[in-house]
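Read the structure below first, then the notes.
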Amino acid sequence: MMLAITTIFCIMAAASAARVFPQRSSEEAAVIEWGHSAIISALDGAVATFGPQTSQGANFEVETAPVLARPIDGVGKKNTEGIKDLELPKLDNADQVAGNMVIMTDAAGLSGVALARIAKESGAAALMVVNTDQNAGDYIYSLEPENEEEEKYAEENIDIPVIMVSLQAGNVITTALATDDMANDVVNTGGALPDRVRLYAGGDRPFFEDAVSKSPVVYLIHNMLTVEECDELIRMADGKYDRVDDTTGINNYLESTMASEKTGEATAKNIDRVTLWKGSIAGKLIKDIDERISQVTGFPPEHFSDFQINKYTAGSSHEPHFDINPANGIMATITIFLNDVAQDQGGEFIFSTPQAEGGDGDGEPVYISPTKALAIVHHNTDDKYNFDQSTIHEEAALLGGYKYVAKKYVYLNPQPKHMRMVLPLMAMPFGGKLPRVFITLQTTLIDKYGIETAEVYFQKIVTMIPLLLLIAIAGAVSNFVTNKLKNDGAGKKGKEATDGKSKKATDGKSKKSKPKSKKSD
């Protein structure tokens, strides 16, 4: 009991000096969408804590034209000395803004409420605030009143939706219709904006949350899976787990489970694991998930591993490690929590040494709490596909209950056919769990011949197995048919012989009976 309490306080102390995620929720997630049925573009937005909320349905939704504010930050070169933020004048192009969604930036340092007041006074139907912090990456947050005066003003006056988008998202929408020959001043004055946009609640749609924008790249995807998909993955893995033992010094290259770098010391402690080999023969559930992950992340599905399901119980942890596979470089890792874990029960996913947002030195550690259907995407390589040392990560000890995690690795190279087709076929009779003999075979070949040569041999051997099975099946069927025909032939001859004897006996009886009948006459 004392150990558990001490662990809790250690985690709390560490987390207090760290950034804790997730910070966003589905309730404040909004979508800005434009285009037609053939081509639709969309951006994620964070809804302010004031003004209409996503839960208000039609009162939140807006469909209108987007307009760049003039001045874009609400101030520009105006002399605002002595003017309070909540008394700033309308926008210069208020006549264009009226009835539309106005796009403004926070570059002048105005609060969200002050920007919303300017938009409201200019007649806007909605306000999009672009976060211009160059070091924030795709980070966005819900704007809030900064004092009691702003809180009161917002409650009484702001009745238009207010959302924040990232700087990258702002660039995307302002250049949506840009062409190569379009002049910069046309783009800068809103000439490349979409004709109309739709603003609506994100609901259960996947949306992003930036955690670390540089070294390593780490971002979260909310609602990556549905609740039903999470439950089904847990069910599919049930009864198939093996306890991870990384103290043996033996690598499992096929399933990206590497031996501990500390000889004889476990890195993965009390973790049960199974890889569900589905590949190209996967059912609708897995195919739908892979397609969604590809659409949201941009990674091609041909580079995906199959799902690796991990089960954690009280005391389970994974000490600092890298996601490395010498046989097939791992470009990125997608980690999806399949259940919720209470905040006081540990189990956080931790990046302990990310680079500071400014680009130099160590940044604050990042703690990510297990949240059902939340995906963590982290890049194991930099933009030149070189291994990134800052990707070292760990999973804090689980203090109670269970934690289920699904991992999907994104490899540098497409998965070959024997990995996508043959091995899943071999695993099919076992519910997707690959027989250990294949793992042992590949490891033995690599230890003897090296990775490149071993992969050639392994691919040839594995590819021949279905052919050998087909030959064996064909031989068995041929033997069965031959034996059947022989048995049928022997049976027929026997029947004919029996019928012949019966006929002779019958004829003999008939001949003897005829004289008797004559005597009777």
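Only heavy atoms go into these numbers, but all of them, side chains included; no hydrogens, no water, no symmetry mates.
Side-chain contact check for Ile293 versus Lys408: some heavy-atom pair is nearer than 4.5 Å. Proximity of Met101 to Met128: side-chain heavy atoms (C-beta onward) are separated by under 4.5 Å at one or more points. Within the 4.5 Å cutoff, no side-chain heavy atoms of Phe21 are placed close to those of Val218. Taking 4.5 Å as the limit, every side-chain heavy atom of Pro301 sits out of range of all side-chain heavy atoms of Glu291. For the pair Leu254/Thr275, no side-chain contact is recorded, criterion being any heavy-atom separation below 4.5 Å from C-beta on. In this structure, the side chains of Met104 and Ile118 come closer than 4.5 Å at one or more pairs of heavy atoms. Val405 is not listed as a side-chain neighbour of Phe349, based on a closest heavy-atom distance of 4.5 Å or more. At least one side-chain heavy atom of Ile289 sits less than 4.5 Å from a side-chain heavy atom of Phe307.
Legend: residues meeting side-chain contact (heavy atoms from CB on, under 4.5 Å) with Glu148, ordered by chain and number and at least two apart, are absent. Not counting sequence neighbours, the partners of Tyr139 by the ring-ring contact (aromatic ring centres under 6.0 Å, His included) test are Tyr141. Residues passing the side-chain contact (heavy atoms from CB on, under 4.5 Å) test with Ser317, sequence neighbours excluded: Lys269, Ala397. Every residue meeting the side-chain contact (heavy atoms from CB on, under 4.5 Å) condition with Pro194, not counting sequence neighbours, appears here in chain and number order: Trp34, Pro66, Ile173, Ala176, Val197. Scanning for side chain to side chain donor-acceptor pair (under 3.5 Å) contacts around Glu255 gives Asn252, Trp277, with sequence neighbours left out. For Ser41, there are no side chain to side chain donor-acceptor pair (under 3.5 Å) partners two or more places apart in sequence or in a different chain. Shown here are the side chain to side chain donor-acceptor pair (under 3.5 Å) partners of Asp288, two or more places apart in sequence or in another chain: Lys284. Not counting sequence neighbours, Tyr404 has no partner by the side chain to side chain donor-acceptor pair (under 3.5 Å) test. When the side-chain contact (heavy atoms from CB on, under 4.5 Å) test is applied to Asp388, the partners found at least two apart in sequence or on another chain are Ser215, Pro216, Ser390, Thr391.
When atom types are taken as modelled, the side chain of His321 and the backbone of His393 share a donor-acceptor pair closer than 3.5 angstrom. Distance alone, capped at 3.5 Å, is enough to place a donor-acceptor pair between the Asn339 side chain and the Tyr402 backbone.
Smallest separation of non-hydrogen atoms from Pro354 and Val366: CG-CG2, 4.4 Å. Residue Pro365 comes nearest to Ser352 through the heavy atom pair CG-O, 3.8 Å, listed as atom of the first residue, atom of the second, then distance. Smallest separation of non-hydrogen atoms from Tyr200 and Phe60: C-CE2, 3.7 Å. Considering every non-hydrogen atom in both Val165 and Gly45, the closest pair reads CG1-CA, 4.2 Å. Taking both residues in full, the closest heavy atoms of Arg205 and Ala42 are given as NH2-CB, 3.5 Å, listed atom of the first, atom of the second, then distance. Residues Ile350 and Ala396 approach most closely at CD1-CB, 4.0 Å, considering heavy atoms.
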Under 3.5 Å, which donor-acceptor pairs link side chains of residues 90-97 to any protein atom two or more places apart or in another chain?
unit_1, atom_1, unit_2, atom_2, d
Asp92, OD1, Lys78, NZ, 3.3
Asn93, OD1, Arg70, N, 3.0
Asn93, ND2, Leu68, O, 2.9
Asn93, ND2, Gln96, OE1, 3.4

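Results of the side chain to side chain contact (heavy atoms under 4.5 Å, CB included) test with Asp306 over Lys278, Lys407, Gln415 single out Lys278 as the only residue that passes. When the options Leu374, Val296, Val377 are evaluated for a side chain to side chain contact (heavy atoms under 4.5 Å, CB included) with Met224, the one that passes is Val296.
For the pair Asp231 and Lys372, the salt-bridge criterion is met [side-chain N within less than 4.0 Å of a carboxylate O]. A salt bridge between Glu232 and Arg235 is present, with a side-chain N of the basic residue lying under 4.0 Å from a carboxylate O of the acidic one. Contact check on Lys84 versus Glu149 returns no salt bridge, with no Lys/Arg side-chain nitrogen under 4.0 Å from an Asp/Glu carboxylate oxygen.
Going from atom CZ of Arg196 over to atom NE2 of His36 covers 15.5 Å, rounded to the nearest 0.5 Å. Here the straight-line distance linking atom CD1 of Ile140 with atom OG of Ser166 works out to 6.5 Å at 0.5 Å rounding. In this structure, CG on Leu338 lies 7.0 Å from CG on Leu225, to the nearest 0.5 angstrom. To the nearest 0.5 angstrom, Glu28 atom CD is 10.5 Å from Leu143 atom CG. Taking CG from Asn310 and CG from Asp272, the interatomic distance works out to 9.0 Å, rounded to the nearest 0.5 Å. For the atom pair CD of Gln168 and CZ of Phe208, the computed distance is 10.0 Å after rounding to the nearest 0.5 Å.
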* Decide salt bridge (charged side-chain N to carboxylate O under 4.0 Å, His left out) for Glu209 and Arg24; before the verdict, give the C-alpha distance in whole Å, the side-chain angles of both, and the deciding distance to 0.1 Å. => CA-CA 7 Å; Glu209 181 175 358; Arg24 297 187 62 191; 5.6 Å; no

* To do: Assess whether side-chain hydrogen bond (donor to acceptor under 3.5 Å, both in side chains) is satisfied between Glu27 and Ser25, documenting all intermediate values.
  => CA-CA 5 Å; Glu27 287 71 25; Ser25 66; 3.1 Å; yes

* Walk me through it: do Asn157 and Arg117 pass the test side-chain contact (heavy atoms from CB on, under 4.5 Å)? => CA-CA 8 Å; Asn157 298 281; Arg117 178 195 167 277; over 6 Å; no

* Audit row: Arg198, Glu61, salt bridge (charged side-chain N to carboxylate O under 4.0 Å, His left out) steps and yes/no -> CA-CA 7 Å; Arg198 297 176 291 279; Glu61 296 174 3; over 6 Å; no

* To do: Could you please spell out the steps behind the side-chain hydrogen bond (donor to acceptor under 3.5 Å, both in side chains) verdict for Asn386 and Thr381?
  => CA-CA 5 Å; Asn386 296 315; Thr381 58; over 6 Å; no

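Applying the side-chain hydrogen bond (donor to acceptor under 3.5 Å, both in side chains) test to every pair with at least one member in residues 99-114, sequence neighbours left out, gives these pairs: Thr64-Asn100, Asp106-Thr132, Ser111-Glu150. Note on residues 322-348: pairs passing ring-ring contact (aromatic ring centres under 6.0 Å, His included), not counting sequence neighbours, are Phe322-Phe387.
The aromatic rings of Tyr409 and Tyr411 are tilted relative to each other, their planes meeting at an angle between 30° and 60°.
Within the 6.0 Å centre-distance limit, the rings of Phe207 and His222 are counted as a close aromatic pair.
Donor-acceptor pairing under 3.5 Å is lacking for the side chains of Asn328 and Glu455. With no hydrogens or angles considered, a side-chain donor-acceptor pair links Tyr253 and Asn251 at under 3.5 Å. No side-chain donor from either of Ser26 and Asp204 sits under 3.5 Å from a side-chain acceptor of the other.
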